[in-house]
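Remember, predicted model here, so these are calculated numbers, not experimental data. Start at 1 with the first residue, then count along the sequence.
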Amino acid sequence: MQVLITENYDELSEVAASIIIEEMQKKKDIVLGLATGSTPIGTYQNLVAASKNNIISFADAICYNLDEYLGLNKDHEQSYHYFMNDNLFNHVDIKPDNINIPAGDLVDANEAVNDYIKKLALKERDIQILGIGENGHIGFNEPGTSFASQTHITELSLETRESNKRFFNNLDEVPKYAITMGISEIMAAKKILLLISGKNKAKTVKELLEGYRSEAFPASVLLDHDNITLVVDKEAMSLVE
């Protein structure tokens, strides 16, 4: 694992974006795995700026998102479809047909799962962007998820829902289930870019870097990937000696 330590979140976002930009310049039809949540927002802002300045183009890029809440339609302000459109897709030259996000609003959730498994099998992701939950979840793969898992429906832990309730009016509004890319599919990406920021993630970073491997801590599987870069700010590194 390559570890890049930054002074703060803004620098983290710039460093992460620079890594992605370099890969996009080398390969026009790059396949990107994208994450949501607050951590990658700054990275996406830097990518939008690079696109507007004609440094990169998304014209031939293909994107696959990690997850989506179950039961929210695509236009809901807290859906990840809405998030990605608002923070990235609406501001760059990506083709709508090249955007892939799990469908959280289908009547048949199993159909959505099977459809996404098939879509992921079509293209190998060149870079997978990841954040990490305080309990070590990646995507919405909660503690206890098999390292061999594929796309599936997951019940969100209370800890995850508590963490995400800041985006909703109250905890009751936070969905209890989500559809998520599985751990084996995350690990299938050629390169993983893990972004971690803030004091609230310091304990999580310490646990990750201590080399603890267990399905009780899903992110620990990333230690087995042969091409992973961790971009972490000093606050998140504060407990690592």
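- Asp93 places no side-chain N or O within donor-acceptor distance of the main-chain N or O of Ser57, the cut-off being under 3.5 Å.
- Between the OH atom of Tyr80 and the CD atom of Glu68 there is a distance of 7.5 Å, given to the nearest 0.5 Å.
- Among the candidates Ile132, Ile228, Ile183, Leu230, the single residue satisfying the side-chain contact (heavy atoms from CB on, under 4.5 Å) test with Leu222 is Ile228.
- No side-chain donor from either of Ser13 and Asn46 sits under 3.5 Å from a side-chain acceptor of the other.
- Met237 contributes atom CE, which lies 3.5 Å from atom CD1 of Ile5 (distance to the nearest 0.5 angstrom).
- Residues that satisfy the ring-ring contact (aromatic ring centres under 6.0 Å, His included) test with Tyr177, not counting sequence neighbours, are absent from this structure.
- Taking both residues in full, the closest heavy atoms of Asn135 and Pro143 are given as ND2-CD, 3.5 Å, listed atom of the first, atom of the second, then distance.
- For the atom pair CG of Asn87 and CG of Leu34, the computed distance is 11.5 Å after rounding to the nearest 0.5 Å.
- The cluster map of Ile, Leu, Val, Met, Phe, Trp and Tyr, joined by side-chain heavy atoms under 4.5 Å apart, puts Ile153 and Met181 in different clusters.
- Taken to the nearest 0.5 Å, the OG1 atom of Thr204 stands 9.5 Å off from the CG atom of Leu239.
- The distance from the CD atom of Gln128 to the NE2 atom of His225 is 9.0 Å, given to the nearest 0.5 Å.
- How far CE of Met24 is from CG of Asp29: 10.5 Å, rounded to the nearest 0.5 Å.
- In summary, the side chains of Thr151 and Glu185 do present a donor paired with an acceptor at a separation below 3.5 Å, with no hydrogens or angles considered.
- Side-chain contact between Ile186 and Ile192 is present, with heavy atoms from C-beta onward closer than 4.5 Å.
- For Lys123, the NZ atom counts as loosely surrounded, since its 6.0 Å shell holds 12 or fewer non-hydrogen atoms of other residues, nucleotides or ligands.
- A donor-acceptor pair under 3.5 Å links the side-chain atoms of Asn73 to the main chain of Asp75, judged by distance alone.
- Salt bridge Asp60/Lys95: present, at least one basic N to carboxylate O contact under 4.0 Å.
- Side-chain contact between Glu215 and Thr145 is absent, with no heavy-atom pair separated by less than 4.5 Å.
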Practice prompt. Test side-chain contact (heavy atoms from CB on, under 4.5 Å) on Phe83 and Ile101 and set out the steps.
Written response: CA-CA 11 Å; Phe83 175 98; Ile101 305 175; over 6 Å; no
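- Between Lys191 and Asp126 there is no salt bridge, since no side-chain nitrogen of the basic residue lies less than 4.0 Å from a carboxylate oxygen of the acidic one.
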Practice prompt. Quick one: do Asn100 and Tyr116 satisfy side-chain contact (heavy atoms from CB on, under 4.5 Å)? Show the steps, please.
Written response: CA-CA 8 Å; Asn100 299 280; Tyr116 211 61; 4.1 Å; yes
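- Residues passing the side chain to side chain donor-acceptor pair (under 3.5 Å) test with Glu162 are Lys165, sequence neighbours excluded.
- At a threshold of 4.5 Å between non-hydrogen side-chain atoms, the residues Leu47 and Ile21 count as touching.
- No more than 12 heavy-atom neighbours from other residues, nucleotides or ligands sit within 6.0 angstrom of NZ on Lys203.
- Partner of His152 under the side-chain contact (heavy atoms from CB on, under 4.5 Å) criterion, out of Asn110, Ile179, Thr180, Ile117: Thr180 alone.
- Atom NZ of Lys206 has 12 or fewer neighbouring heavy atoms from other residues, nucleotides or ligands inside a 6.0 Å radius.
- The aromatic ring centroids of Tyr69 and Phe140 lie less than 6.0 Å from each other.
- Linking ILVMFWY side-chain heavy atoms closer than 4.5 Å, directly or via other members, places Ile127 and Val232 in two distinct hydrophobic clusters.
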Practice prompt. Under the side-chain contact (heavy atoms from CB on, under 4.5 Å) rule, what do His76 and Tyr82 come out as? Steps first, then yes or no, please.
Written response: CA-CA 7 Å; His76 191 287; Tyr82 187 98; over 6 Å; no
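- Side-chain contact check for Leu171 versus Leu158: some heavy-atom pair is nearer than 4.5 Å.
- Leu195 and Ile138 end up in different hydrophobic clusters when Ile, Leu, Val, Met, Phe, Trp and Tyr side chains are linked at under 4.5 Å.
- Of the possible donor and acceptor atoms, one in the side chain of Ser79 sits under 3.5 Å from a partner among the backbone N and O of Lys74.
- Annotation: salt bridge (Lys or Arg N to Asp or Glu O under 4.0 Å) contacts involving residues 228-241, sequence neighbours excluded, comprise Glu7-Lys234.
- In this structure, Leu209 is not a member of the same hydrophobic cluster as Leu4, with clusters built from ILVMFWY side-chain heavy atoms closer than 4.5 Å.
- A donor-acceptor pair is defined here as one N or O able to donate and one able to accept, closer than 3.5 Å; such a pair exists between the side chain of Tyr9 and the backbone of Gly42.
- No path of Ile, Leu, Val, Met, Phe, Trp and Tyr side chains, each step under 4.5 Å between heavy atoms, connects Leu32 with Leu130, placing them in separate hydrophobic clusters.
- Residues Thr154 and Leu70 fail the side-chain proximity criterion, which asks for heavy atoms closer than 4.5 Å.
- The closest donor-acceptor contact from the side chain of Gln150 to the backbone of Ser184 lies at 3.5 Å or more, if one exists at all.
- Shown here for Ala16 and Thr43, the closest heavy-atom pair between the two residues is CB-OG1, 3.6 Å.
- Considering only heavy atoms from C-beta on, Leu223 comes within 4.5 Å of Arg213 through its side chain.
- Glu207 places no side-chain N or O within 3.5 Å of a backbone atom of Tyr212 that could act as its donor or acceptor partner.
- For Glu142 and Ser157, the side-chain atoms include at least one donor-acceptor pair closer than 3.5 Å.
- At a threshold of 4.5 Å between non-hydrogen side-chain atoms, the residues Met187 and Val221 count as touching.
- A pairwise comparison of heavy atoms in Ala35 and Pro40 identifies O-CG, 3.6 Å as the closest pair.
- Residues Phe89 and Pro96 have side chains not in contact (no heavy-atom distance under 4.5 Å, counting atoms from C-beta outward).
- Of the possible donor and acceptor atoms, none in the side chain of Asn141 sits under 3.5 Å from a partner among the backbone N and O of His137.
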Practice prompt. Evaluate the criterion side-chain contact (heavy atoms from CB on, under 4.5 Å) for residue pair Val231 and Leu193; output intermediate values, then yes/no.
Written response: CA-CA 7 Å; Val231 187; Leu193 188 59; 3.9 Å; yes
